Each structure stands twice: as C-alpha cells, then as structure tokens.
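What follows is one structure encoded as structure tokens, with my remarks underneath.
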Amino acid sequence: MTFGPGFDSNEAKAFIAICSALNGQVEDAPTPPLPADWSLSPPVEAPSLLNAYQIGESKSQPGVYLIAWRGTMTVLRSELEDFAFIPVSAEGYARDPRARLHIGFKEGFETLRERLVSDVQSRAAQAPAGAPVRFYIAGHSQGGAVAAVCAAFLRNATFPGAERLQLKTYCFAQPKPGNYYFACDFNQARYSAANMTFVVNSDQDFVPQIPLTIQVVADLNNGARYVMGARPPEWLKLLFDLKFPVSLDFAPAGAPVILPGHAAPDQEKNDFFYQHHAGRYWELLCEQFPSRA
C-alpha cells in the first residue's frame, strides 16, 4: 500500500484487522491476522467513557502513521455514549454553522483530544521541516463515528503543525456521527473528490442506519424556499418555521463503500450483532477483494 488517493482494499483489510484487535472482544466471526507492516504503540484509553486510540507507524512508508479508534465496549458507560444522540454544535469540526455532531461521539473524542494532539505533534516533529505529515484514521462501529469526528477536528485544527497534516480516513460500520450539514462539510470536494475519505458499511449491518433520521421541513436547505417562489402559501411558510428543540437529520460521513453481505442464520441466531463485528467486515472485504498472488 502507498498513501494516496483512492480506496485501497489492502489498506482496508489491514485497518479493520487492527480495529478488531483494538476492540479486544471475543466475536463469533473470523479473527483477522494483524498486518505485519504496522508497528503499533500501546492503546491510549480514557477511563471515563472507555474510548481509546492506538497509533501505528508504517514499516514500509517512513513518516506514515495510523490513528485507530476503538469501538463500543460491553460496559454501560461505553454503550451509553452510543445512545447520547442529541445534536450539538460542530464548531471547530466544521465550517458550516448549521453543522451538528452526535454529542456522545463528540464527547468520546474530546476525552482524548489533548493527548491525541500531543501524539500527532510529536510525530510531526520527527518529519523534515515543511514536509507533509501523513496520517490514516480508522475506526470500527463507535470508533468509526469517532474516527470521522477526529478527522474533522484535524482538518480544521489550528495547533502548530496542523497545516502540514495529510489525512486519509476509513470508517467501518459507522453509526451516523452528525447531521446532514456536518456530512456535507465532511464530504467536501477537496476530500471526497480527492478520494481520501471512505465509510465502509455492510448492507447486512443495521448499525450504520442509526441514529434514526427524523426530518422536518425546517431542516431543508434554504434553497428550498426559493424553489417554491416568492409567495408560498401561508401553511407552507408555517412548516418552514416549525422547529423541534433538536434536529435529528443524521447522515453518514464519508464516501460510501458498500460491502454486499449475506445472511448467516446459524451465527445470527446466537449473536444479534454478528453482521456488525469487525471480523465479519474483514471476511466480507476478503470475499469482495480477494488477494492476488
């Protein structure tokens, strides 16, 4: 693999294997082998919500690093993070003032933000002056959402050296990290058209469909007002002004890569999350992108 534009199945397989090990849970799915090309530092964990990240360094690409984020742990405070889906301001993570983030995933990232910035800066200090500093960012499940939040933060960061960062993101089995306007900001042409952001989801996995999206007319872009002409009927104007306390127009973040899955009744009857496991994603990637000799 070489850091650059485009979805690379070898990168995806390597990173989902690292995420599977970082999750550290027994799954009724294949256990992916850890890639030999990556030297991994010990995970850094936040005791409060049990979020964790791990820094990897490529052995074949000097100066190329990985930030891998851990998924949900089977502990209440980690699971509650997933259900804290109230949208809050994405200031500092997006340029659009309408952008909102899932508060659980935002807080999960922020428990480790200062430590992460320190780790990123220490790697950047090792690079030649003015040279780009390349980071892959990856995560599975809750970690896939936090990885998007992390990437959004680093893109908009202003700490010394942030302007030298080059990022490529792989989010696996990602629950929706923010609202439609956050997704638009995250998927801007300078990233998505450059083929540097990917959200890898299985069509058999329900987790990427949550949190559930609930939209009202007031969520629509302002352009909708002009489409209806200068003098819309009064009842339609009222719909535009009708707003709920929070807007739940959640959306996935990243260019979609959809893995065609298939049912596994024997495993699924004993494991409700079988199709969601990192090991299952690795298996589907191997099926969809078989290695060539």
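Small disclaimer: the values here were computed from a predicted structure and weren't measured.
Aromatic rings from His140 and His277 are positioned such that their centres are separated by 6.0 Å or more. You'll find the ring centres of Phe198 and Phe15 outside the 6.0 Å limit.
Cluster annotation: Val207 is not connected to Met73 through the hydrophobic network of ILVMFWY side chains, with a link wherever side-chain heavy atoms come within less than 4.5 Å. Linking ILVMFWY residues whenever their side-chain heavy atoms come closer than 4.5 Å, directly or via other members, leaves Ile137 and Val199 in distinct clusters. Both Phe159 and Phe135 belong to a common hydrophobic cluster when Ile, Leu, Val, Met, Phe, Trp and Tyr are linked at side-chain heavy-atom distances under 4.5 angstrom.
Contact annotation: the side chain of Ile214 never approaches that of Phe250 to less than 4.5 Å [non-hydrogen atoms, C-beta and beyond]. In this structure the side chain of Gln204 never reaches within 4.5 angstrom of the side chain of Leu284, judged on heavy atoms. Within the 4.5 Å cutoff, no side-chain heavy atoms of Ile210 are placed close to those of Phe83. For the pair Leu154/Ile67, a side-chain contact is recorded, criterion being any heavy-atom separation below 4.5 Å from C-beta on. Put simply, the side chain of Pro211 does not reach to within 4.5 Å of the side chain of Leu248, judged on heavy atoms. The side-chain heavy atoms of Phe172 and Leu285, taken from C-beta on, include a pair separated by under 4.5 Å. Residues Trp282 and Pro33 form a side-chain contact, since some pair of their non-hydrogen atoms from C-beta on lies under 4.5 Å apart. Counting heavy atoms from C-beta outward, Asp205 and Leu259 have side chains that stay 4.5 Å or more apart.
Here the CG atom belonging to Asn156 is positioned 10.5 Å from the CD atom belonging to Glu91, to the nearest 0.5 angstrom. Here the CD atom belonging to Glu79 is positioned 10.0 Å from the CG atom belonging to Leu50, to the nearest 0.5 angstrom. Lys168 contributes atom NZ, which lies 12.5 Å from atom CG of Leu66 (distance to the nearest 0.5 angstrom). Rounding to the nearest 0.5 Å places CD of Glu110 at 11.0 Å from CG of Leu49. Going from atom CZ of Arg98 over to atom OH of Tyr181 covers 4.5 Å, rounded to the nearest 0.5 Å. Annotation: the span from Ile55 atom CD1 to Ser39 atom OG amounts to 11.5 Å, rounded to 0.5 Å.
Around atom CD of Glu163, more than 12 heavy atoms belonging to other residues, nucleotides or ligands sit under 6.0 Å away. Counting non-hydrogen atoms of other residues, nucleotides and ligands closer than 6.0 Å to CZ of Phe85 gives a total of 12 or fewer. By the neighbour-count criterion of 12 heavy atoms within 6.0 Å, atom OH of Tyr180 is sparsely surrounded, having that number or fewer from other residues, nucleotides or ligands.
Neither side chain, Arg134 nor Gln61, offers a donor N or O lying under 3.5 Å from an acceptor on the other.
A pairwise comparison of heavy atoms in Ala278 and Asn23 identifies CB-ND2, 4.2 Å as the closest pair. Contact between Ala68 and Cys19 at its shortest, heavy atoms only, is CB-SG, 4.5 Å. In plain terms, the two heavy atoms of Phe182 and Ala148 that are nearest each other are CZ-O, 4.4 Å. Closest of all the heavy-atom pairs between Gly108 and Asn51 is CA-OD1, 3.2 Å.
Remark: Arg280 fails to qualify as a cation-pi partner of Phe273 under the 6.0 Å distance and 45° angle criteria applied to the six-membered ring.
Under the 30°/60° scheme for interplanar angles, the aromatic rings of Phe272 and Phe206 are found to be tilted.
Annotation: ring-ring contact (aromatic ring centres under 6.0 Å, His included) contacts involving residues 89-110, sequence neighbours excluded, comprise Trp69-Phe109, Tyr93-Phe153, His102-Phe105, Phe109-Phe153. Note on residues 64-77: pairs passing salt bridge (charged side-chain N to carboxylate O under 4.0 Å, His left out), not counting sequence neighbours, are Glu45-Arg70.
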